[in-house]
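A quick write-up on the structure given underneath.
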Amino acid sequence: MPLMPGSTITLPLPARFDLTRAICSYGYFILAPNHWDTTTQRFHRPLRGNADRLIHVTLSQRPRSDLLKIACDTRVDRAERALLFTQLRRILRLDEPESRYRAWRKLHPEAARRGFGRVFRSPTFFEDIVKTMTSCNVTWPNTMRMNVLLTARVGNGAFPTPGELAGWSPEKLKASCRVGYRAERIVKLARDVVDGRLDLAPLEDMSRTTDDVFGDLLEIHGIGPYAAANICQLLGRYDRLPIDTETYRHFRQEHGVRHKADGSPRDLHGKIERHYKRYAPFQFLAYWFELWRAYERRVGDAWNWDAAKHGPTFTAANLKDAPNT
DNA sequence: GGTAGACCTGGACGC
DNA sequence: GCGTCCAGGTCTACC
């Protein structure tokens, strides 16, 4: 992505922050419109400025620097700089208190040594919900394709806003972006947000309990137990585990649980929750660190993953027979 | 409360 | 090239 002349701004970072680790920590970092350049180790994506105008940013950090460098492809004013900071703080989880991550590092020294803590997410809560919808009941390469098409055909190069998606019919979205039956759910979500029937702010309220938020998320059409738990972690609530078939596969391979000893899926579900309970309230981070390390042992460090080359390898068919060495 | 079947797509496979 | 099967999480109808 060529850099156009524009503003370069900086954002202070907490001690020990590592941009590479923070970005390359969750699969969404290779979903459009995110782009991680494995050669330069820089992160590109479009963000929204005044009146939702597009601003392409390139993020970089010098070794051991406590400043994030943000190169923009256009000049930004003070108001837009504040908008960019809000979105970037969310992506990098800089809006979460550092004390939480100190507690996490103390609880899990191995993760601390690897610099694993802040897990990548989207610049807006809405994008995280839609990305989660596109990751359900579908293989990972298909999730990647849906996000490419949503970005290209609805968002004109950026991830679509609720307003943009609300203007599409489910039929047109299905045909154009290959999202299948998710089209009706995505459009309904967008329209509910635009029309004020769904207020996302209470879901981001960290003074509420996770059980409360989880229950509200289940009220959203298209969000079931797995998606709600995943959205909880995206909201910074790590005490819920998004357990899916990939979790089952990983747990069986990583912990040597045999099929005969598994019992029913519900039994295995309970076993998984009991296993990670020791890391409360950071169960998700412990689980994800373990799963992410298993992926890296197979295909190399995440910061060298190229979307086109490595994306298609993350399918159950490819992973199920390979040992977690 | 539990369960079966439909939803939708793309890839794998057999012919 | 075509048809069939499969993986994936959620919803709905039914018991």
Side-chain angles (χ1 to χ4, degrees), chain A residues 26-28 30-32 122 126-154 165 168-193 197-198 203 211 213-235 240-253 259 262-270 272-273 284 287-288 291 294-295 298-299 307-322:
Chain A
Y26 192 66
Y28 288 7
I30 54 175
L31 294 183
S122 303
F126 177 78
E127 181 175 336
D128 271 340
I129 299 176
V130 176
K131 275 188 158 60
T132 297
M133 283 181 168
T134 65
S135 73
C136 287
N137 198 29
V138 75
T139 56
W140 183 248
N142 206 351
T143 298
M144 292 173 64
R145 186 176 303 108
M146 288 182 208
N147 279 273
V148 165
L149 293 173
L150 283 168
T151 296
R153 298 183 176 174
V154 186
L165 274 165
W168 282 57
S169 71
E171 295 75 21
K172 190 178 168 197
L173 191 70
K174 185 197 289 189
S176 190
C177 299
R178 316 303 293 167
V179 294
Y181 63 87
R182 298 165 198 80
E184 181 257 333
R185 300 170 184 186
I186 292 171
V187 169
K188 180 178 187 323
L189 171 74
R191 289 178 179 171
D192 283 351
V193 169
R197 287 187 295 273
L198 176 63
L203 297 169
D211 282 349
V213 172
F214 184 80
D216 282 357
L217 287 167
L218 291 177
E219 297 295 311
I220 298 174
H221 186 62
I223 300 296
Y226 163 77
N230 193 56
I231 292 169
C232 279
Q233 70 85 3
L234 290 163
L235 287 168
R240 282 268 177 177
L241 286 175
I243 295 176
D244 60 2
T245 53
E246 173 62 357
T247 316
Y248 292 157
R249 180 207 60 76
H250 167 77
F251 196 76
R252 284 179 173 130
Q253 291 185 352
H259 279 272
D262 289 349
S264 67
R266 188 176 301 171
D267 291 339
L268 185 55
H269 197 109
I272 292 168
E273 289 192 324
F284 170 78
Y287 157 61
W288 198 252
L291 183 64
Y295 289 159
R298 289 179 184 184
V299 296
K309 180 183 169 191
H310 293 91
T313 67
F314 292 98
T315 62
N318 283 337
L319 295 167
K320 69 180 178 186
D321 296 326

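- Within the nucleic acid shown, A/I220 comes within 4.0 Å of sugar-phosphate atoms alone, with no base atom in reach, counting heavy atoms only.
- Between the NE2 atom of A/H269 and the P atom of B/dG2 there is a distance of 13 Å, rounded to whole Å.
- Taking atom CE on A/M133 and atom P on B/dC8, their separation rounds to 15 Å, with Å as the unit.
- Within the structure, every side-chain polar atom (N or O) of A/T139 is placed at least 4.0 Å from both OP1 and OP2 of B/dG11.
- A side-chain contact (heavy atoms from CB on, under 4.5 Å) with A/P242 is found for one member of A/I231, A/T247, A/N230, A/L234 and no other, namely A/N230.
- Taking atom CD of A/E219 as the reference point, atom P of C/dT10 lies 14 Å away to the nearest angstrom.
- Atom pair A/K174:NZ and B/dT9:P shows a separation of 6 Å (rounding to whole Å applied).
- Note on A/R178: a side-chain N or O is less than 4.0 Å away from OP1 or OP2 of B/dG10.
- Residue contacts shown for A/A227 are limited to sugar-phosphate atoms, with no base heavy atom under 4.0 Å away.
- Which of B/dG11, C/dC11, B/dC7 sits closest to the side chain of A/N137 comes down to B/dC7.
- Whole-Å rounding puts the A/R249 CZ to C/dG8 C1' distance at 14 Å.
- A/H269 is not listed as a side-chain neighbour of A/L241, based on a closest heavy-atom distance of 4.5 Å or more.
- Taking only side-chain nitrogens and oxygens, A/R145 never comes nearer than 4.0 Å to OP1 or OP2 of B/dC8.
- Residue-to-nucleotide proximity on DNA chain B shows that, of A/N142 and A/R185, the 5′-proximal contact is made by A/R185.
- Note: CD1 (A/I243) to C1' (C/dT10) measures 17 Å, nearest angstrom.
- Side-chain atoms of A/Y181 and A/N137 form a donor-acceptor pair, as typed in the model, at a separation below 3.5 Å.
- Counting only heavy atoms from C-beta outward, the side chains of A/K174 and A/E184 never approach each other to under 4.5 Å.
- Regarding A/L150, its CG atom lies at a distance of 14 Å from the C1' atom of B/dT9, rounded to whole Å.
- The base of C/dG8 lies outside donor-acceptor range of the side chain of A/Y226, with no N or O pair under 3.5 Å.
- Atoms CG and CD1, on A/L189 and A/I220 in that order, are 6.0 Å from each other to the nearest 0.5 Å.
- Distance CE (A/M146) to C1' (B/dC7): 12 Å, rounded to an integer number of Å.
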